[in-house]
Amino acid sequence: DIDDVGHKYYLELELEDVLDKDRAVSCTAEVLYPLGSRTSAPDVQLTVQGELRSTEEADKEFYNRIRSLEKELVAENIPDSHGNVPPELEPIHLLAWVASGYVSWQNSTENTKFHLAQVKHVKQVKRSDEDLQFDYVLLLHEMVSQELLPWEVTVLWHPQHGARVSQ
């Protein structure tokens, strides 16, 4: 619907459980794109039918593993050319999905559809605070134009604060 506030869309989605790939949770979303604003993200109201499992233990394990590395993590081509993601890099890939979602929200229009194709490169950056920082080069497939677009994004993450993305 188009009203005096903006463009409103209603979506029915299935969210995949990141800990159990065979389990999905249904949800509905109301997405409002403000009129006249190309710089602000849409307002999203999400209702989940069912329960999402906690990732708290997996988050702590990942956080402690990365914090204990002597050298910064560096990886390329996730997934590889066969679509494989090594289990130890799955959290890095999931953070890339968060980053690609942010890029999509900030840069989408009614005529675009972005999809994360690959993490071309990721490098951990050591910080003096408690956050983990990952600098990514993501390849986003723009489904309408069929272009592969590289995006540089930085993700700050902490188990208690979640992910924060900047471009």
Side-chain angles (χ1 to χ4, degrees), residues 11 13 15-21 24-25 27 29-34 37-48 51-80 83-109 112-143 147-167:
L11 309 169
L13 311 164
L15 300 176
E16 184 179 276
D17 190 316
V18 297
L19 299 178
D20 181 359
K21 300 291 186 196
V25 176
C27 66
E30 180 181 290
V31 182
L32 176 66
Y33 286 90
S37 176
R38 295 228 177 239
T39 58
S40 60
D43 178 43
V44 179
Q45 301 296 319
L46 186 70
T47 305
V48 177
E51 189 174 326
L52 295 172
R53 292 195 186 150
S54 173
T55 62
E56 188 175 340
E57 282 303 313
D59 289 350
K60 284 181 188 175
E61 183 180 313
F62 169 68
Y63 180 81
N64 290 332
R65 180 172 61 88
I66 297 300
R67 291 285 294 191
S68 68
L69 293 175
E70 290 188 26
K71 290 180 69 176
E72 291 89 354
L73 179 140
V74 176
E76 294 185 344
N77 302 325
I78 309 167
D80 64 18
N84 300 315
V85 176
E88 68 275 9
L89 293 178
E90 186 63 35
I92 298 296
H93 191 238
L94 291 172
L95 285 173
W97 277 104
V98 170
S100 70
Y102 176 84
V103 169
S104 295
W105 281 126
Q106 291 295 316
N107 298 282
S108 289
T109 68
T112 59
K113 183 178 179 187
F114 294 108
H115 177 76
L116 177 63
Q118 186 179 53
V119 175
K120 192 65 184 160
H121 181 82
V122 60
K123 181 181 187 322
Q124 177 193 5
V125 176
K126 291 282 187 181
R127 296 174 56 91
S128 59
D129 62 13
E130 296 297 311
D131 285 335
L132 298 179
Q133 178 177 331
F134 301 98
D135 291 344
Y136 284 92
V137 176
L138 305 177
L139 290 181
L140 298 182
H141 183 200
E142 203 295 296
M143 304 295 276
E147 291 182 76
L148 274 179
L149 305 170
W151 285 85
E152 292 181 15
V153 295
T154 295
V155 177
L156 298 180
W157 182 81
H158 188 280
Q160 294 177 333
H161 308 124
R164 285 134 12 245
V165 181
S166 63
Q167 291 175 273

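We use all heavy atoms of the structure for the numbers below, so side chains are in, but hydrogens, waters and symmetry mates are not.
- The two residues P79 and A117 come nearest to each other via the heavy atoms CD-O, 4.0 Å.
- In terms of heavy-atom proximity, I92 sits nearest to Y136 at O-OH, 2.7 Å.
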Original post:
Can you list the steps and then say if L156 with R127 is a side-chain contact (heavy atoms from CB on, under 4.5 Å)?
Top reply: CA-CA 10 Å; L156 298 180; R127 296 174 56 91; 3.4 Å; yes
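- Judged purely by atom type and a 3.5 angstrom limit, R164 uses its side chain to pair as donor or acceptor with the backbone of G162.
- Take E152 and apply the side chain to side chain contact (heavy atoms under 4.5 Å, CB included) test, not counting sequence neighbours, and it matches V137.
- With values rounded to the nearest 0.5 angstrom, L89 atom CG is found 11.5 Å from N84 atom CG.
- At most 12 non-hydrogen atoms from other residues, nucleotides or ligands lie less than 6.0 angstrom from NZ of K113.
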Subject >> Step-by-step side-chain contact (heavy atoms from CB on, under 4.5 Å) determination, N77 to V119 >> reply: CA-CA 6 Å; N77 302 325; V119 175; over 6 Å; no
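- Taking CG from L138 and CG from L148, the interatomic distance works out to 12.0 Å, rounded to the nearest 0.5 Å.
- Residues E142 and T112 come closest through the heavy atom pair OE2-CA, 3.2 Å.
- Here the side chains of F62 and L95 are in contact, with some heavy-atom distance below 4.5 Å.
- Closest approach of A99 to V153, counting heavy atoms only: CB-CG2, 3.7 Å.
- Within the 4.5 Å cutoff, side-chain heavy atoms of W157 are placed close to those of D59.
- The side chain to side chain donor-acceptor pair (under 3.5 Å) with Q133 is formed by just one residue from the set D131, D129, D135; it is D135.
- Comment: E61 does not engage R65 in a salt bridge, judged by the lack of any side-chain N to carboxylate O separation of less than 4.0 angstrom.
- Between K71 and Q124 there is no side-chain heavy-atom pair separated by less than 4.5 Å.
- Under the rule for a ring pair (Phe, Tyr, Trp, His ring centres under 6.0 Å), the partners of H158 that lie at least two apart in sequence or sit in another chain are Y63, H161.
- A distance-only check finds a donor-acceptor pair linking the side chain of N107 to the backbone of V103 [under 3.5 Å].
- Across all non-hydrogen atoms, the minimal contact from H115 to M143 is CB-SD, 4.2 Å.
- Atom CG in L139 sits 12.5 Å away from atom NE2 in H121 (nearest 0.5 Å).
- E76 places no side-chain N or O within 3.5 Å of a backbone atom of K120 that could act as its donor or acceptor partner.
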**OP:** Would you check, one step at a time, whether the test side-chain contact (heavy atoms from CB on, under 4.5 Å) holds for F114 with L149?
**Re:** CA-CA 9 Å; F114 294 108; L149 305 170; 3.7 Å; yes
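- Among all heavy-atom pairs drawn from L69 and K126, the shortest one is O-NZ, 3.1 Å.
- Under the 30°/60° scheme for interplanar angles, the aromatic rings of H93 and W97 are found to stand perpendicular.
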